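None of the values given here were measured: they were computed from a predicted structure.
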Amino acid sequence: MAAALCAVLLLTLAACGDDDDDAATSGGSGGNDNGTGNAGGSSLEGTTWILAADAPLGVALEAIVVTAQFKDGTLSGNSGCNTYSTSYEVDGDKLTVGPDIAGTQMACPPAETAVEQAYLARLPKAAGFKVDGTTLSLTDDGGETILKYEASEGADAIQGDWTVTGYYSGNAVTSPLGGVTLTGKFENGTLSGNTGCNTFTGPYQIDGQKITIGPLAATRAACPTTELTDQETQYLIALQLARTFEVAGNRLDLFREGDTYAVSYTSS
């Protein structure tokens, strides 16, 4: 039987969190101009873009989430099932996307596979871009729109109830243990939820795509196993390691320094 938690669990974080887990990174050696859009709108770089439902993809997108983030010469995101990464260059309103696209190799259902294949086939055909408010259009060398995105809604989109699908456990991103559900609820600057053994609460602050969470306090019920105690501690630490976030459809990802995963959720 695991020992009871302290009456108030205040996690003081050291500079932990190596980047040796299988996570999406955004770095790269590109970096031309910053691809700013129209005044008062979003910019190409530094914005999380979500493929629009009416994007001319050639296959039905339905509820499948596809994302793109342009940062420092690296284009990365979720292609419908797997994550992907490639290079890009910007010259005025011209855009070149590298043909060598790296990605994870998870097996995907047929609908997600069709979307992923169509999307990744179109990306290297991009020759230009246009940002109009919160809409990004990628065009081919004939000026025809081949992909269209909408900017992530940010602070408003994060609010609500979320269920954990993965969390950083200290050296890898881990799925929750069977039999328990880890949750988080973001509401007006307060994060609360369940660790699988206890409930917790604490403040969070958002500045653009940046997020600061904690300190977090939890109730003191003892977990029935050492594994659940460890999971509880790791989950709460991972939350407080979060530095940025991304909301795409029914998915919320919190990222550590270096844009590596801290916690991933799906909407409850």
Side-chain angles (χ1 to χ4, degrees), residues 23-38 41-59 61-91 93-104 106 108 112-140 144-154 157 208-209 244-255 258-261 264:
T25 61
S26 64
S29 56
N32 299 287
D33 60 52
N34 63 359
T36 54
N38 59 308
S42 302
S43 61
L44 175 70
E45 295 190 332
T47 300
T48 297
W49 298 101
I50 303 171
L51 194 66
D54 60 345
L57 192 60
V59 297
L61 185 63
E62 298 179 345
I64 300 168
V65 177
V66 176
T67 66
Q69 186 174 58
F70 298 81
K71 184 177 179 182
D72 298 333
T74 297
L75 166 59
S76 60
N78 189 298
S79 50
C81 178
N82 288 281
T83 58
Y84 70 94
S85 178
T86 188
S87 61
Y88 74 92
E89 294 183 359
V90 172
D91 182 8
D93 60 357
K94 297 179 180 179
L95 174 67
T96 303
V97 175
D100 297 324
I101 302 176
T104 53
M106 292 189 299
C108 308
E112 283 81 354
T113 297
V115 166
E116 187 164 77
Q117 290 176 345
Y119 176 69
L120 295 179
R122 283 179 175 247
L123 271 181
K125 297 178 181 179
F129 75 97
K130 178 182 178 182
V131 178
D132 183 7
T134 58
T135 300
L136 166 66
S137 299
L138 302 189
T139 56
D140 61 17
E144 294 295 321
T145 297
I146 58 172
L147 292 169
K148 187 170 76 171
Y149 306 83
E150 296 294 335
S152 171
E153 298 172 336
Q209 295 298 119
T244 60
F245 73 98
E246 173 184 302
V247 179
N250 66 343
R251 176 170 175 159
L252 164 63
D253 292 313
L254 305 179
F255 298 99
D259 292 338
T260 51
Y261 287 108
S264 293

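- Counting heavy atoms from C-beta outward, Tyr84 and Asn78 have side chains that stay 4.5 Å or more apart.
- Between atom OH of residue Tyr261 and atom CG of residue Asp253 there is a gap of 4.5 Å, rounded to the nearest 0.5 Å.
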Does the side chain to side chain donor-acceptor pair (under 3.5 Å) test come out yes or no for Thr96 and Glu89, once each step is laid out? CA-CA 5 Å; Thr96 303; Glu89 294 183 359; 5.3 Å; no
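- Annotation: side chain to side chain contact (heavy atoms under 4.5 Å, CB included) contacts of Ser87 (sequence neighbours excluded): none.
- Closest approach of Trp49 to Thr135, counting heavy atoms only: CZ3-C, 4.0 Å.
- When all heavy atoms of Ala52 and Leu61 are compared, the pair lying nearest together is O-CD2, 3.4 Å.
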Verify side-chain contact (heavy atoms from CB on, under 4.5 Å) between Leu147 and Ser137, making sure each step is shown before the conclusion. CA-CA 6 Å; Leu147 292 169; Ser137 299; over 6 Å; no
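- Among residues two or more places apart in sequence or in another chain, the side chain to side chain contact (heavy atoms under 4.5 Å, CB included) test is passed with Asp93 by none.
- Across every non-hydrogen atom of Val97 and Leu123, the tightest pair is CB-O, 3.5 Å.
- A 4.5 Å side-chain heavy-atom check between Asp54 and Lys148 finds at least one atom pair inside the cut-off.
- When all heavy atoms of Glu246 and Thr67 are compared, the closest pair comes out as OE2-OG1, 3.7 Å.
- Looking at Asn82 and Glu116, their side chains come closer than 4.5 Å, going by heavy atoms from C-beta outward.
- With salt bridges taken as basic N to acidic carboxylate O contacts below 4.0 Å, none links Asp140 and Arg122.
- When all heavy atoms of Gln69 and Thr48 are compared, the closest pair comes out as NE2-OG1, 3.5 Å.
- You'll find the side chain of Leu136 reaches within 4.5 Å of the side chain of Phe70, heavy atoms only.
- Nearest approach of Ser79 to Leu120, heavy atoms of both residues: CB-CD2, 4.0 Å.
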Output, in order, the C-alpha distance, side-chain angles, deciding distance and verdict of side-chain contact (heavy atoms from CB on, under 4.5 Å) for Leu138 and Thr145. CA-CA 6 Å; Leu138 302 189; Thr145 297; over 6 Å; no
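- Between Val66 and Ile50 the shortest side-chain heavy-atom distance does not fall below 4.5 Å.
- Using a 4.5 Å heavy-atom cutoff, the side chains of Phe245 and Phe255 are not in contact.
- No side-chain heavy atom of Ser264 sits under 4.5 Å from any side-chain heavy atom of Leu252.
- You'll find the side chain of Val131 reaches within 4.5 Å of the side chain of Phe129, heavy atoms only.
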